[in-house]
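Only this structure's heavy atoms are used, side chains among them; waters, hydrogens and symmetry mates stay out.
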Amino acid sequence: MNVNNYHFHTTVTEFLSDEFFISSMLDPTAESDLFWQNLLAEGKISEATFLDARQKLLGVPQPMDPLRKVELFMRIQDAQVTKPKIRNLYRYAAAIVLATVGASLWFYFQRTAISYNSEAILAATEDSTGIRLVTNGDQTLQISGKEAVLDFSNAENVKLNTQTIELSKKEEAIQHEVHVPLGKRMSLVLPDGTKLWVNAGSSIQFPSHFSDNKREVRVNGEVYADVTKDPKKPFVFHTKEFDVQVLGTSLNIHAYEQDAKHQVTLVEGSVRMKSKTGEYMLSPDQAYFKNGQVEQVKKVDVTFFTSWKDGFYRFKDQPLQDVIHNLERYYGASIAYEPKISTLKCSGYLDLQEDLQAVLRGVAFSMDIQLKKENNTYKLYQKPM
């Protein structure tokens, strides 16, 4: 290594973008230790910056108490107040780990075969409307803000965030529908106390109160659920492609009707899956996948499928186009890219509390591609040769 190059490393990001720094921190040797000690002793690098980068790289996040996670998610913050940046950084046993510029992203990639087709602009439809609650098909409540909490656990005191709202009251159950557009999220407490985290671009249908022998809701999109236990009333999630029956459990359902890929990930408890072609039982740390007519159950690391509800996005060996599609949905923005970079395989960790431009700058920096913004559309493309 050239010692003289390191006087340019003045920020944590620059250290975290350096392959030798990362490898020598993750797998130190006597030679690498001496190298950094000499730099520090000669004052060529800032000790504070060096130690901060080292702590961020090696620091292992402590598990958060589930009740605390619920509290944090459901706390609504004023839209004018900047959200605190949460920087839980994971240690990767990878040859190369790259850091973003201005965003909490750990990113490594492997290049695969690239198709040199003509450029295709793939952008999600941006939905600028707010979250909507439709009751019994005739009463609509528009909800402002990027996040909201709806609590139906007390039929006489339904709350939106901290305010009580007036809804039609009838003895028979009436249907409620919640629509969460792109770029928005919400938490929803059902009449039985079941908690749902509802991701962007999703809709949920549920009754004002459940019947005496079953609990049923319909999902189009993605939800994470902590289902209240009640052995006498099985809970069933209905989607276009399958039904999921649970007694009391924590799980994630990804079932956007417009997507080809669907999945159910079990965190705790047990569930019975029933699709059009078969039935499956899931145990904790297992996931059901459906892609067209292909169905399978596999053991997984559930954090890759549930971290979105805590404001993070973890992914492993995903094509860049899939990562971009999820970012479009989460942020409610349009992101275009060239087909020849769409097949890059990515693994990483995103802080979704950062703004989209900072995240995409980091992606471009890490993958040695370029980013530009035209009107309201971001575009990622390969650097000219």
Exercise. Considering non-hydrogen atoms only, spot the tightest contact between V198 and V180 and give its length.
Key: CG1-CG2, 3.8 Å

Exercise. State, to 0.1 Å, how close S250 and L266 come at their nearest heavy-atom pair, and which atoms those are.
Key: O-CD1, 3.5 Å

Exercise. Would you indicate whether the side-chain heavy atoms of H179 and E177 approach each other to under 4.5 Å?
Key: yes

Self-check item: From CG (N157) to CZ (F152), nearest 0.5 Å
Solution: 11.5 Å

Quiz item: For S275, which of H262, E295, E241 qualifies under side chain to side chain donor-acceptor pair (under 3.5 Å)?
Solution: E295

Exercise. Decide yes or no for I165 and L150: does some side-chain heavy atom of the first lie under 4.5 Å from some side-chain heavy atom of the second?
Key: yes

Quiz item: Once you round to the nearest 0.5 Å, how far does CG of L360 lie from CG of L327?
Solution: 6.5 Å

Quiz item: Cation over ring, R361 on Y378, under 6.0 Å and within 45°?
Solution: no

Exercise. Would you indicate whether R272, at its atom CZ, is surrounded by more than 12 heavy atoms from other residues, nucleotides or ligands within a distance under 6.0 Å?
Key: no

Practice problem: May I ask you to check whether R314 and T303 show a side-chain donor-acceptor distance below 3.5 Å? | Solution: yes

Quiz prompt | Q370 to A364 - nearest heavy-atom pair and separation | solution = C-CB, 4.2 Å

Self-check item: Close side-chain approach of H176 to P207, heavy-atom, < 4.5 Å
Solution: no

Quiz prompt | Pairwise side-chain contact, F206 with L188, heavy-atom cut-off 4.5 Å (strictly under) | solution = yes

Quiz item: For Q357, does its backbone N or O pair with a side-chain atom of D355 as donor and acceptor, under 3.5 Å?
Solution: yes

Exercise. State yes or no: do L51 and I45 share one hydrophobic cluster built from I, L, V, M, F, W and Y residues joined by side-chain heavy-atom distances below 4.5 Å, directly or via other members?
Key: yes

Self-check item: Separation between CG of L141 and CG of L160, rounded to the nearest 0.5 Å
Solution: 6.0 Å

Quiz item: Yes or no on side-chain contact (heavy atoms from CB on, under 4.5 Å) for Q139 and I174, after CA distance, side-chain angles and deciding distance?
Solution: CA-CA 11 Å; Q139 183 180 3; I174 61 175; over 6 Å; no

Self-check item: Close side-chain approach of K316 to D301, heavy-atom, < 4.5 Å
Solution: no

Quiz item: Shared ILVMFWY cluster between M281 and V227, side chains joined below 4.5 angstrom?
Solution: no

Quiz item: Can any side-chain N or O of T194 pair as donor or acceptor with the backbone N or O of L190 at less than 3.5 Å?
Solution: no

Quiz item: CD1 of I369 to CD1 of I341: how many Å apart, nearest 0.5 Å?
Solution: 4.0 Å

Quiz item: Does the pair Y330 and V359 meet the rule for a side-chain contact (heavy atoms from CB on, under 4.5 Å), with working shown?
Solution: CA-CA 12 Å; Y330 193 92; V359 170; over 6 Å; no

Quiz item: Is the NZ or CZ atom of K379 both under 6.0 Å from the centre of the six-membered ring of Y381 and within 45° of that ring's axis?
Solution: yes

Quiz item: Do D192 and F235 have side-chain heavy atoms sitting under 4.5 Å apart?
Solution: yes

Quiz item: Looking at S202 and G221, what are the two nearest heavy atoms and their distance?
Solution: OG-CA, 3.4 Å

Exercise. Find the distance between NZ (K309) and CG (D226) and round it off to the nearest 0.5 Å.
Key: 6.5 Å

Quiz item: Does S24 have any side-chain contact (heavy atoms from CB on, under 4.5 Å) partners at least two apart in sequence or in another chain, and if so, which?
Solution: F20, S32, W36

Quiz item: Would D230 and R215 pass as an ion pair if we require N to O under 4.0 Å?
Solution: no

Self-check item: Heavy-atom check, side chain of Q258 versus side chain of N220, under 4.5 Å
Solution: yes

Exercise. Could you please spell out the steps behind the side-chain contact (heavy atoms from CB on, under 4.5 Å) verdict for Y337 and L320?
Key: CA-CA 9 Å; Y337 56 88; L320 177 62; 5.6 Å; no

Quiz item: Between N161 (side chain) and Q163 (backbone), is there a donor-acceptor pair under 3.5 Å?
Solution: no

Practice problem: State whether the number of non-hydrogen atoms from other residues, nucleotides or ligands found under 6.0 Å of Q293 atom CD is greater than 12. | Solution: no

Quiz item: Taking atom types as modelled, is there a side-chain donor on T377 or N375 under 3.5 Å from an acceptor on the other?
Solution: no

Practice problem: State whether a side-chain donor-acceptor pair under 3.5 Å links W308 with N252. | Solution: yes

Self-check item: Residue pair P284 / V267: nearest heavy atoms and the distance that separates them
Solution: CB-O, 3.5 Å

Quiz item: Passes side-chain contact (heavy atoms from CB on, under 4.5 Å), F21 versus F50? Steps please.
Solution: CA-CA 10 Å; F21 172 80; F50 174 84; 3.6 Å; yes

Quiz item: Are V236 and V217 linked, directly or through other ILVMFWY residues, by side chains that come within less than 4.5 angstrom of each other?
Solution: no

Quiz item: In terms of the angle between their ring planes, are Y256 and H254 parallel, tilted or perpendicular, with boundaries placed at 30° and 60°?
Solution: perpendicular

Quiz prompt | Over 12 foreign heavy atoms within 6.0 Å of CD, E31 | solution = no

Quiz item: Within the side chain of Q286, is there an N or O that forms a donor-acceptor pair under 3.5 Å with the backbone of V297?
Solution: no

Practice problem: Measure from the side-chain N and O atoms of S307 to the backbone N and O of F312, and report whether any donor-acceptor pair falls under 3.5 Å. | Solution: yes

Quiz item: Under 4.5 Å between any side-chain heavy atoms of Y331 and L352, yes or no?
Solution: yes

Practice problem: Kindly say whether S211 contributes a backbone atom to a donor-acceptor pair with the side chain of K233 at under 3.5 angstrom? | Solution: yes

Quiz item: Closest heavy-atom contact between P234 and Q245?
Solution: CB-NE2, 3.8 Å

Quiz item: Relative to each other, are the rings of F242 and Y288 parallel, tilted or perpendicular (30° and 60° limits)?
Solution: perpendicular

Quiz item: Roughly how far, to the nearest 0.5 Å, is the CZ atom of R132 from the NZ atom of K184?
Solution: 11.0 Å

Exercise. Please say which of R218, H238, K274 ends up in a side chain to side chain donor-acceptor pair (under 3.5 Å) with D243.
Key: H238

